[in-house]
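Working notes for the structure below.
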Amino acid sequence: MTEDEISTSGYQLSLPTFHGPLDLLLHLIKQNEIDIYDIPIARITDQYNAYLEAMEELDLEIAADYIYMAAMLIHIKSKMLLPRDETAEVTEDPRAELVNRLLEYQRFKAVAESFAELDVVRMGVWPRPAVSHNGEPAEIDMSEVSLFDLIDAFRTALTRYKVNHPQAIELKRTLHKVSDMMAELYNKLKEKSPIRLQWFLEGRDRDELIAIFLGMLELVRLGGISLQQGELFGEILVAMTQNPLDESQFAVYDQR
Amino acid sequence: MNELRAALEAILFVSNEPVTLDSLAEALGEKPDAVAKELEEIKNFLDVNVGGFTLEHTGGGWRLATRPEHEDVLKKYFARKGESRLSIAALETLAIVAYRQPITAPEINDIRGVNSSAVLHTLLERRLLRVAGRKEVVGSPFLYRTTREFLIHFGLNDIRDLPRLEEFGDLIGEPMSDDVVAAIGVQSAAVDDQTE
Amino acid sequence: MNELRAALEAILFVSNEPVTLDSLAEALGEKPDAVAKELEEIKNFLDVNVGGFTLEHTGGGWRLATRPEHEDVLKKYFARKGESRLSIAALETLAIVAYRQPITAPEINDIRGVNSSAVLHTLLERRLLRVAGRKEVVGSPFLYRTTREFLIHFGLNDIRDLPRLEEFGDLIGEPMSDDVVAAIGVQSAAVDDQTE
């Protein structure tokens with residue numbers, strides 16, 4: 001934990017900064033000399049919220065993670081107020097999950113502190129400089145090559161290609177014609193109607209989606225298909241209408 | 001002069017990353033035991049007689065490296081700032097991955113209580129973490145592991161050289177009373193099954 | 001232990017290029033004479049006690065270097081080591097095949113802008129790539145695909161587990177430009193049909 005000097009309206013106020021809501025809770029527990037296994041939730045919740053308010057007053061951005069924890073504390077507090085079910089075999093302490101998380105986080109925080117010490121010491125240890133042998137280009141130990149390197153290599157190649165061929169990527173792109181998509185959708189519907197739109201769109205790339213969308217609008221406009229959506233954000237169904245279309249005319253709708 | 005030892009010194013000298021016992025033994029046509037013995041002797045000799053660098057057993061191999069006390073001299077001579085120190089967020093994330101690998105970003109976020117994606121990116125870039133496949137759960141999140149670079153950076157030879165997680169954390173508060181133990185369902189047992 | 005000497009050793013150890021007496025004296029705040037004397041002593045010490053490398057006084061200054069008699073050992077060691085290493089060119093080719101498979105050598109050459117046949121040969125030899133038929137175009141060139149070993153190495157269960165384009169920027173840490181994304185996007189359909 002570090003102390004950040006925050007200057008507001010002429011006077012200096014020192015507010016400790018924390019590395020997340022769990023860090024803040026641990027701080028409060030320590031400060032109040034509270035038994036972590038018997039946290040007075042109401043008191044800690046008040047102090048936690050007071051800290052968030054202080055942050056707000058200082059116009060510090062409060063991350064969603066802190067707000068989520070505040071809600072969780074209130075939830076636990078409300079559960080603590082409920083009368084205990086005496087008949088239940090084992091009464092689950094509403095605080096149990098939070099205590100577990102705090103204990104776990106505290107351990108990793110301690111590991112991080114020991115890593116921090118090592119980090120400082122080991123930063124001062126320098127190896128021999130890398131030398132290329134027989135003028136060979138740089139190599140990577142295969143056991144150290146990860147997906148990250150693979151993606152990075154692919155990106156490097158594509159970026160270089162793009163620089164060398166300003167137009168070529170555009171040319172190589174598979175063009176999806178609106179008419180093709182109209183035909184594909186229409187033929188699918190001939191086999192089976194209605195179909196789920198989501199199913200038809202699955203696995204398509206962006207260009208295809210655009211072509212499908214345009215084609216679908218044309219088909220609707222021509223009265224060949226209909227779209228139904230049962231509820232807001234619900235599944236969209238695509239169905240044939242009783243109005244047959246002339247597929248040979250689809251090409252008219254291709255735009256360049 | 002001992003020929004094996006001289007050859008080992010030559011190879012170590014030109015290598016900037018740890019060299020494994022096996023690769024040394026293979027290249028020199030010697031038994032690994034004999035090579036290991038010589039390496040120990042080189043290390044002892046350097047520790048006693050040479051102030052500027054030492055032989056360390058790290059990242060699963062051996063490498064020559066300077067000693068921490070010369071950091072200032074080196075920085076000054078090479079007018080280099082050196083790498084910046086790792087942030088607390090980065091160290092926490094490393095700690096979690098070190099003990100729980102392979103682990104996904106959502107799992108890390110859950111333990112830290114905050115979003116860790118920016119930190120993960122920094123650690124990937126510094127090669128202290130690597131992506132090691134995907135977890136077969138909804139969303140197929142990437143799995144992260146520590147790298148050899150991580151071991152070297154922290155002077156570890158093997159991930160198993162880390163102290164047990166239980167040895168960390170002066171746990172705040174009183175020892176658990178029995179009914180709390182029952183309520184919480186002691187979880188610490190789940191903590192130590194960290195094996196690569 | 002002599003502090004000046006240790007500091008000199010550390011600097012020499014980290015330097016690839018010869019270092020001049022003056023630059024050493026300046027960085028260490030010592031008189032050139034004192035530094036020269038220490039350098040001579042280091043040289044003598046290494047010549048007597050260390051077989052693997054020496055301190056040489058070359059035109060440009062002083063530098064640690066291996067001795068000529070170890071050239072063969074070093075060559076042998078690095079030749080073996082090279083077997084487990086991948087050049088940047090090979091990694092790039094591997095990445096292109098992974099994302100664009102099945103793909104022919106001319107297509108790879110086109111993307112990379114250089115001839116890739118030597119690299120392809122290496123990747124086939126390492127069993128990271130395989131030949132998967134021929135493309136029905138003029139010349140019937142071979143089609144290349146990644147192998148099961150490739151998947152195992154990268155911890156993937158299926159080639160479809162390769163990071164997708166929307167994850168691309170996240171992992172790299174910077175947004176991908178739209179046209180590059182589009183170029184990557186084209187292949188996603190091609191990847192789909194590969195089941196090992």
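Sequence lines set the chain letters: A, B, ... in the order given, protein chains first and strands last, and positions in each chain run from 1.
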- Are a donor atom and an acceptor atom from the side chains of Ser117(B) and Asn115(B) found within less than 3.5 Å of each other?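 On atom types as modelled, these side chains qualify, holding a pair under 3.5 Å.
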- Task: Sort out for me which of Val120(A), Leu102(A), Val121(A), Val125(A) touches chain B most, counting heavy-atom pairs under 4.5 Å.
- Result: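 Heavy-atom pairs under 4.5 Å are most numerous for Val125(A).
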- Residue from Pro21(A), Gly20(A), Ala64(A) scoring the most non-hydrogen pairs under 4.5 Å with chain B is Pro21(A)
What part of [X] lies closer than 4.5 angstrom to a heavy atom of chain A: side chain, backbone, both or neither?
X	answer
Arg148(B)	both
Glu56(B)	side chain
Ser116(B)	neither

- Message: Given heavy-atom pairs under 4.5 angstrom as the criterion, report whether the side chain, backbone, both or neither of Asp38(A) touches chain B.
- Response: neither
- ring-ring contact (aromatic ring centres under 6.0 Å, His included) partners of residues 4-23 of chain B, not counting sequence neighbours, each pair once: Phe13(B)-Phe53(C)
- Query: Would you say Arg5(B)'s side chain and Ile42(B)'s backbone share a donor-acceptor pair under 3.5 angstrom?
  - Reply: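 Between the backbone of Ile42(B) and the side chain of Arg5(B) there is no qualifying donor-acceptor contact (under 3.5 Å).
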- Task: Check the pair Leu123(B) / Leu86(B) against side-chain contact (heavy atoms from CB on, under 4.5 Å), numbers first and verdict last.
- Result: CA-CA 9 Å; Leu123(B) 293 171; Leu86(B) 291 163; 4.2 Å; yes
- Can you list the residues that meet the side chain to side chain contact (heavy atoms under 4.5 Å, CB included) rule with Phe78(B), with sequence neighbours excluded? Trp126(A), Leu74(B), Arg80(B), Ile11(C), Val14(C), Ser15(C)
